[in-house]
Amino acid sequence: MIESIKNIDFLSSVLVGIVSAIFAILIFTMFRRWFLDKVLPIAHNIAIIGFEKAGKTTLITTIFKEIFADKILGIKAIPKGQNSISIINENIATLERGNSLKPTTDQAMRSYTINMTKGSLLRKKTYKVQLADFPGKKSKKFADENIKSIINTEFFNWAIGADAFIFVIDLARYLDDPVSSREYVANLSKEIRIAWQHILNYHEDKKEKILHKPLIILFTKADLFHLSKKPTEDHKTIEEIKKKGFGEKIPDEIKLSKTTIDEAAKNAKNDFSDLINYLKKDQVKSKVLFVSSFGYINREKLNLSELINSILP
Amino acid sequence: MKTASKSWLVVHIFYPILAFLLEGFIRFVSSKFTFSMNTFSGSTLAMSQGLFCIFVSQSLLNAKIILDDEDKKQSRIMWVTVFTSVAIVCFVLFGLIVFSSTLFDYHDIQVAKEIKKSFEIVVFISFVFVLPMATRIQSSFDLRTNLK
């Protein structure tokens with residue numbers, strides 16, 4: 001009799017434990033959905049590493065512009081903080097006026113914070129996405145200088161702990177004459193390799209973690225492919241590429257042909273194959289993307305949706 | 001300087017609540033694997049919760065948030081205030097639970113037992129909300145522990 005009472009006691013206490021646990025999980029889930037996700041969204045930092053005038057600021061501004069115009073499905077964004085709101089909108093207005101954005105200087109080193117909501121209903125998640133727009137000179141310093149001299153810089157500390165990495169390759173420089181292009185490929189490959197090796201070195205004890213972070217090799221200004229599919233010797237074309245790639249006025253929006261982009265992308269990928277293979281090796285979430293802020297296919301800016309979906313968790 | 005987020009959770013949250021978990025486990029084992037309102041101690045949890053709230057607010061206050069701006073600073077200060085306030089409430093609850101427990105144990109005041117139970121329930125329920133808030137603070141402000 002006593003034994004059976006003891007068994008009932010044990011079973012009821014286990015049952016109480018299980019019910020309490022389920023109740024706690026239920027409350028926790030509701031609390032997370034309806035309160036935490038709104039008040040304390042998870043931080044997601046994206047480091048965009050590229051060199052001078054590679055089109056990083058223009059790309060970031062175009063991403064925001066497309067999201068605000070509801071042209072990227074399933075993504076909603078609200079800029080956070082006065083700094084982000086004013087800079088993003090000022091940059092959008094500059095592009096809409098047809099002017100190029102000025103290069104980001106060391107003094108103007110800035111980050112944009114936006115609350116990005118992805119998915120719908122039960123799968124809806126909000127992230128506090130911070131994109132750092134580093135001046136090209138800082139990025140170069142990151143690759144060139146001895147790691148010890150920059151390990152304590154704000155840029156290094158931020159970039160090294162980022163949740164996603166975008167390495168920017170400027171197609172306007174690649175589509176130069178073959179000699180300059182070859183030099184650009186060699187220099188940029190070296191610099192990106194060094195930057196990545198610094199990041200890997202830093203995370204040496206936790207390599208598994210870094211290898212699961214998204215890494216995008218991003219070719220910007222892909223709209224220039226309609227001028228030339230590969231490095232060219234034609235001076236007139238080179239002048240036109242420079243004018244569209246680095247001019248004070250932004251190029252007109254252009255409808256791109258998928259066949260042209262695919263063909264030209266094949267050439268560029270081939271020339272950067274060593275770098276691409278190196279970065280993609282062991283990296284679980286790596287991607288090579290060709291984007292354009294001024295070229296579109298099927299009414300969508302080239303690969304912008306894919307870029308955003310690749311860098312978000 | 002190496003940093004890690006998991007170790008932040010261990011140092012700032014797991015260690016302070018370790019006493020509460022161990023105490024509950026020992027009571028669970030010694031009571032022949034039965035759960036009751038007495039398995040876990042509300043007073044220990046109040047103290048543990050107060051401690052990790054203080055740790056979290058101090059970590060927020062001292063963390064060097066890279067690429068910080070005015071809005072983020074204000075948000076940080078707001079959460080420091082929230083966690084410090086919760087910590088104060090927890091320490092007060094700890095005092096009240098211990099006091100009512102003493103009144104019952106040494107002066108046999110029956111109502112003190114009921115008051116103690118009520119305060120314990122408040123602590124247990126608040127834990128379900130404060131713990132996820134503390135862990136979310138880490139991922140939202142990207143807080144890390146310096147390893148070397």
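The structure presented is a predicted model; accordingly, all values stated were derived computationally and were not measured.
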CZ (Phe99(B)) with more than 12 external heavy atoms under 6.0 Å: no
Ile78(A), CD1 atom: more than 12 neighbouring heavy atoms under 6.0 Å: no
Check: Ser140(B) side chain, Pro41(A) main-chain N or O, donor-acceptor pair, under 3.5 Å: yes
Stepwise side-chain contact (heavy atoms from CB on, under 4.5 Å) test for Phe141(B) and Leu40(A): CA-CA 9 Å; Phe141(B) 287 91; Leu40(A) 282 168; 3.8 Å; yes
Met133(B) CE to Leu36(A) CG distance, which is reported to the nearest 0.5 Å: 7.5 Å
Phe31(A) versus Phe129(B), closest heavy-atom pair with distance: CE2-O, 3.2 Å
Least distance between heavy atoms, Asp37(A) atom then Arg136(B) atom: OD1-NH1, 3.0 Å
Under 4.5 Å from any heavy atom of chain B - which part of Asn45(A): side chain
Heavy-atom proximity to chain B below 4.5 Å, by part of Tyr127(A): neither
